[in-house]
Q: 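My structure is below; once you've seen it, I'll send some questions.
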Amino acid sequence: MRLDVVTIFPEYLEPLNVSLVGKARARGQLDVRVHDLREWTHDKHNTVDDTPYGGGPGMVMKPEPWGEALDAIIESGTSGTEDARPTIVVPTPSGEPFTQEIAVELAEKPWLVFTPARYEGIDRRVIEEYGDHYDVRELSIGDYVLAGGEAPVLVMVEAVARLLPGVLGNAESHRDDSFAPGAMADLLEGPVYTKPPEWRGRGIPDVLLSGHHGKIARWRRDEAFRRTTANRPDLIERTDPAAFDKKDREMLSILGWGPGEDGRFGRVAPDVEE
Ligand code: 6GU
């Protein structure tokens, strides 16, 4: 997969040299190119922003440098044939929420171009212009406001890169990811433990030492229900109740959850402490 990032802070993307993404690059599984937007300015001060039409606070990123940058990068991707078209990812707090499902979709693309902006964002005409010719995805990483899209790019690239074949080492490892699409239910993963068996007087749950794989799997699922009901009740509420077996329903009942009028599960008793 090829990844291009256009930014006025190339050094902000240094973490792409580290850890999982850095190793994928070193192995040739990822071709990452970080570009300085100011290379496509022509004035003495390398201006990338200007005041907003209509007034108001802050500055808006000018369309011309983005247009020249994107044209040059797209042109560098060979002939302009159908499959040489990148997907353009525009990080913005006004975008569609970035989810595991979108990470899976993006991981199937051969080429992503990220356009992290500073200030109040990029002149709308840039998104419209490239949206007419390319797949443009405006994505937000959550309900809070950051000073720029660079940190969101790091987030999205890591979420996508770990899904690429051969990057994580163990293909099985994705299957149980919380939020894995098509999972039986969207459950958060429960607690994990390793050696030593006792630390500061704290042991580990006996079942994990039992060697009984069936009981261990059941315990893990029960713990997943504990965590999910406590931290993300919305994930249980939106799950098709057909995904819950008899043992799931028993656990949910212990946690104070049961089916409502429509069969979907909701809290029917006061919250149970973790
Ligand atoms: Cl993608 N950008 C900025 N600036 N803030 C955000 C965001 C993106 N997602 C959540 N907050």
Side-chain angles (χ1 to χ4, degrees), residues 1-19 21-22 25-26 30-80 84-96 98 106 109-142 144-158 160-161:
M1 171 181 274
R2 174 171 167 185
L3 296 178
D4 290 84
V5 185
V6 187
T7 171
I8 59 168
F9 292 120
E11 65 276 23
Y12 208 121
L13 283 302
E14 279 294 310
L16 296 178
N17 292 316
V18 178
S19 187
V21 174
R25 290 177 81 171
L30 263 186
D31 172 10
V32 180
R33 307 183 196 184
V34 177
H35 313 269
D36 187 343
L37 178 67
R38 293 191 201 276
E39 283 177 30
W40 289 281
T41 56
H42 305 287
D43 64 312
K44 194 172 65 191
H45 296 108
N46 303 117
T47 309
V48 293
D49 62 333
D50 204 338
T51 53
Y53 275 120
M59 298 291 272
V60 173
M61 296 193 95
K62 293 167 65 58
E64 303 96 318
W66 283 108
E68 289 191 34
L70 290 170
D71 287 351
I73 289 162
I74 292 165
E75 172 63 27
S76 77
T78 67
S79 48
R85 281 170 184 272
T87 294
I88 301 176
V89 178
V90 180
T92 166
S94 339
E96 174 189 2
F98 178 71
L106 295 181
K109 311 283 185 191
W111 186 9
L112 304 176
V113 176
F114 290 89
T115 64
R118 292 266 141 182
Y119 317 113
E120 300 301 312
I122 305 172
D123 186 298
R124 189 69 204 165
R125 292 169 292 182
V126 176
I127 288 89
E128 288 174 2
E129 170 77 4
Y130 289 88
D132 284 350
H133 306 281
Y134 302 91
D135 179 22
V136 173
R137 305 292 300 265
E138 291 182 271
L139 299 174
S140 162
I141 64 161
Y144 39 81
V145 178
L146 301 171
E150 284 78 7
V153 169
L154 295 176
V155 167
M156 292 188 270
V157 169
E158 185 159 316
V160 168

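What you see is a predicted model; the values in this text were computed from it and never measured.
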Q: Which pair of heavy atoms, one from Ala117 and one from Ile122, lies closest together, and at what distance?
A: CB-CG1, 3.6 Å
Q: Would you check if Met59 and Glu120 make a side-chain contact, meaning some heavy-atom pair closer than 4.5 Å?
A: no
Q: Measuring from Thr115:OG1 to His35:NE2, what's the distance to the nearest 0.5 Å?
A: 12.0 Å
Q: Do you know which two heavy atoms are closest between Ala84 and Gly77, and how far apart they sit?
A: CB-O, 3.5 Å
Q: Would you please test Val157 and Leu3 for side-chain contact (heavy atoms from CB on, under 4.5 Å) and show each step?
A: CA-CA 9 Å; Val157 169; Leu3 296 178; 3.6 Å; yes
Q: Can you tell me how far apart CD1 (Ile127) and CG (Asp132) are? Round to the nearest 0.5 Å.
A: 12.0 Å
Q: State plainly whether the residues Glu75 and Arg85 are in salt-bridge range, i.e. N to O under 4.0 Å.
A: no
Q: Taking side chain as C-beta onward, heavy atoms only, is Trp66 less than 4.5 Å from Leu37?
A: yes
Q: Would Arg2 and Arg33 count as a side-chain contact (heavy atoms from CB on, under 4.5 Å) here? Give the steps.
A: CA-CA 8 Å; Arg2 174 171 167 185; Arg33 307 183 196 184; 3.4 Å; yes
Q: Between Arg25 and Asp31, does at least one N-O distance fall below 4.0 Å, as a salt bridge requires?
A: no
Q: With heavy-atom distances below 4.5 Å as the criterion, would you say the side chains of Glu39 and Asn46 are in contact?
A: no
Q: Test Thr7 against Arg38 for side-chain hydrogen bond (donor to acceptor under 3.5 Å, both in side chains), laying out the working first.
A: CA-CA 8 Å; Thr7 171; Arg38 293 191 201 276; over 6 Å; no
Q: Taking side chain as C-beta onward, heavy atoms only, is Val136 less than 4.5 Å from Val90?
A: yes
Q: Which heavy atom in Gly95 sits nearest to a heavy atom in Ser140, and how many Å separate them?
A: O-CB, 3.8 Å
Q: Counting N and O atoms only, with roles assigned by atom type, does the side chain of Tyr119 sit under 3.5 Å from a partner on the main chain of Val48, one being a donor and the other an acceptor?
A: no
Q: Please give me the minimum heavy-atom distance between Glu158 and Val21, naming the atom from each residue.
A: CA-CG2, 4.2 Å
Q: Identify the heavy atoms of Gly148 and Pro152 that sit nearest to each other, and give their distance.
A: O-CD, 3.5 Å
Q: CG/Leu146 to CD1/Ile141 distance, rounded to the nearest 0.5 angstrom?
A: 5.5 Å
Q: Give the minimum heavy-atom separation between Pro52 and Gly58, together with the two atoms involved.
A: CD-O, 3.2 Å
Q: Would a 4.5 Å heavy-atom cut-off, applied to side chains only, mark Leu106 and Leu112 as touching?
A: yes
Q: To the nearest 0.5 angstrom, please state how far the CZ atom of Phe114 sits from the CG atom of Leu154.
A: 10.0 Å
Q: Decide yes or no for Ile88 and Arg137: does some side-chain heavy atom of the first lie under 4.5 Å from some side-chain heavy atom of the second?
A: no
Q: Can you check side-chain contact (heavy atoms from CB on, under 4.5 Å) on Phe9 and Arg118, steps first, answer last?
A: CA-CA 9 Å; Phe9 292 120; Arg118 292 266 141 182; 3.5 Å; yes
Q: Between Val32 and Leu13, does the side-chain contact (heavy atoms from CB on, under 4.5 Å) criterion hold? Intermediate values first, please.
A: CA-CA 10 Å; Val32 180; Leu13 283 302; over 6 Å; no
Q: How many angstroms lie between atom CD1 of Ile74 and atom CH2 of Trp111, to the nearest 0.5 angstrom?
A: 6.5 Å
Q: Show every salt bridge (Lys or Arg N to Asp or Glu O under 4.0 Å) that has at least one partner inside residues 43-68, sequence neighbours left out.
A: Lys62-Glu64
Q: Hey, what do you get for CD (Glu129) to CG (Asp123), rounding to the nearest 0.5 Å?
A: 11.0 Å
Q: Are the side chains of Val34 and Tyr12 in touch, meaning some heavy atoms are under 4.5 Å apart?
A: no
